[in-house]
Asks: 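Let me begin by handing over the structure; questions about it come next.
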Amino acid sequence: MVAIIKLIDTECTIRQLRKEGVCTIATVYAEGYRFSRFYEFKVENSYYTGKAASGAYLEIGDTLTIVYLPSNPEINQPNSVIGLNCNNR
């Protein structure tokens, strides 16, 4: 039951990011467990973090495009998950 609720929440977040999200560049700052990578990005004067679940190809210091909600940048995902055309945003 918990897994189903989490999946629904994730789908809602992805839809919201596709609709309202803003693209930016993040920098990988740490490696996690099983190919995950942690990244950070700056919005105005604050830094935010996120996690790329399958970042096996990313090294510390590499950059990636992420999508965040302007109303709450703590809600963010790598654009490889969201699939926006960031050139038009």
Side-chain angles (χ1 to χ4, degrees):
M1 182 69 159
V2 173
I4 293 171
I5 292 171
K6 186 170 182 170
L7 180 62
I8 291 169
D9 185 46
T10 300
E11 278 301 312
C12 290
T13 299
I14 289 171
R15 272 192 237 119
Q16 188 176 12
L17 285 166
R18 284 181 180 149
K19 183 177 178 183
E20 303 169 24
V22 173
C23 298
T24 194
I25 301 297
T27 303
V28 175
Y29 70 88
E31 295 179 1
Y33 182 69
R34 291 193 177 209
F35 304 116
S36 63
R37 301 294 184 261
F38 296 94
Y39 57 82
E40 70 177 359
F41 61 102
K42 187 175 181 180
V43 177
E44 295 180 11
N45 293 321
S46 298
Y47 284 90
Y48 298 90
T49 61
K51 180 180 175 183
S54 59
Y57 60 93
L58 294 169
E59 304 280 337
I60 293 175
D62 285 353
T63 59
L64 69 154
T65 302
I66 60 106
V67 181
Y68 70 91
L69 287 182
S71 60
N72 184 1
E74 290 181 2
I75 298 175
N76 62 79
Q77 288 287 326
N79 192 42
S80 59
V81 173
I82 306 303
L84 288 183
N85 180 351
C86 289
N87 294 328
N88 293 334
R89 290 215 171 206

Asks: Can you tell me how far apart CD (Gln77) and CZ (Arg18) are? Round to the nearest 0.5 Å.
Replies: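 It is 10.5 Å, given to the nearest 0.5 Å.
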
Asks: Could you measure the distance from the OG1 atom of Thr27 to the CD1 atom of Ile60? Nearest 0.5 Å is fine.
Replies: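 Taking OG1 in Thr27 and CD1 in Ile60, the distance rounds to 12.0 Å.
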
Asks: How about Ile14 and Leu17: do any of their side-chain heavy atoms sit closer than 4.5 Å?
Replies: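 Answer no - side chains too far apart.
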
Asks: Between Ser46 and Val43, is there a donor-acceptor pair closer than 3.5 Å when you use the side chain of the first and the backbone of the second?
Replies: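 Not a single qualifying donor-acceptor pair exists.
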
Asks: Using the test side-chain contact (heavy atoms from CB on, under 4.5 Å), find all partners of Thr49 that sit at least two apart in sequence or belong to another chain.
Replies: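 Applying side-chain contact (heavy atoms from CB on, under 4.5 Å) to Thr49 gives Tyr29, Glu40.
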
Asks: Going by ring pair (Phe, Tyr, Trp, His ring centres under 6.0 Å), name the residues that satisfy it together with Tyr68, two or more places apart in sequence or in a different chain.
Replies: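 Once residues adjacent in sequence are excluded, the partners of Tyr68 under the ring pair (Phe, Tyr, Trp, His ring centres under 6.0 Å) criterion are Phe41.
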
Asks: Find out if a path of hydrophobic residues (ILVMFWY) with successive side-chain heavy-atom gaps under 4.5 Å connects Phe38 to Val67.
Replies: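 No; tracing contacts between hydrophobic side chains, which count when under 4.5 Å, never links both residues.
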
Asks: Minimum heavy-atom separation for Tyr48 and Glu74, please, with both atom names.
Replies: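 Nearest heavy atoms, Tyr48 then Glu74: CD2-CG, 3.7 Å.
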
Asks: Looking at every heavy atom in both Cys86 and Thr65, which two are closest together, and how far apart are they?
Replies: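 The answer is SG-CG2, 3.7 Å.
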
Asks: Please name the pair of heavy atoms, one in Leu84 and one in Cys23, separated by the smallest distance, quoted to 0.1 Å.
Replies: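 Closest approach of Leu84 to Cys23: CD1-SG, 4.2 Å.
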
Asks: What closest approach, in Å, do Ser36 and Lys51 show between heavy atoms, and which atom pair accounts for it?
Replies: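 Looking at all heavy atoms of both residues, the shortest contact is CB-CE, 3.5 Å.
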
Asks: Which heavy-atom pair separates Ala52 from Tyr39 by the least distance, and what is that distance?
Replies: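 Smallest interatomic distance, heavy atoms only, reads N-CE2, 3.7 Å.
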
Asks: Does the Asn72 side chain pair with the main chain of Leu69, one donor and one acceptor, at a distance under 3.5 Å?
Replies: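 No; judged by distance alone, with no hydrogens or angles, the pair does not exist.
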
Asks: Any side-chain heavy atom of Leu58 within less than 4.5 Å of one from Leu64?
Replies: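 Leu58 vs Leu64: side chains touch.
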
Asks: Looking at Glu59, is its backbone amide N or carbonyl O close enough to the side chain of Arg37 to form a donor-acceptor pair, meaning the two atoms are under 3.5 Å apart?
Replies: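 It does not hold such a pair.
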
Asks: Is Tyr47 reachable from Val28 through a run of I, L, V, M, F, W or Y residues, each pair having side-chain heavy atoms under 4.5 Å apart?
Replies: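 Unlinked, Val28 and Tyr47 end up in two clusters.
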
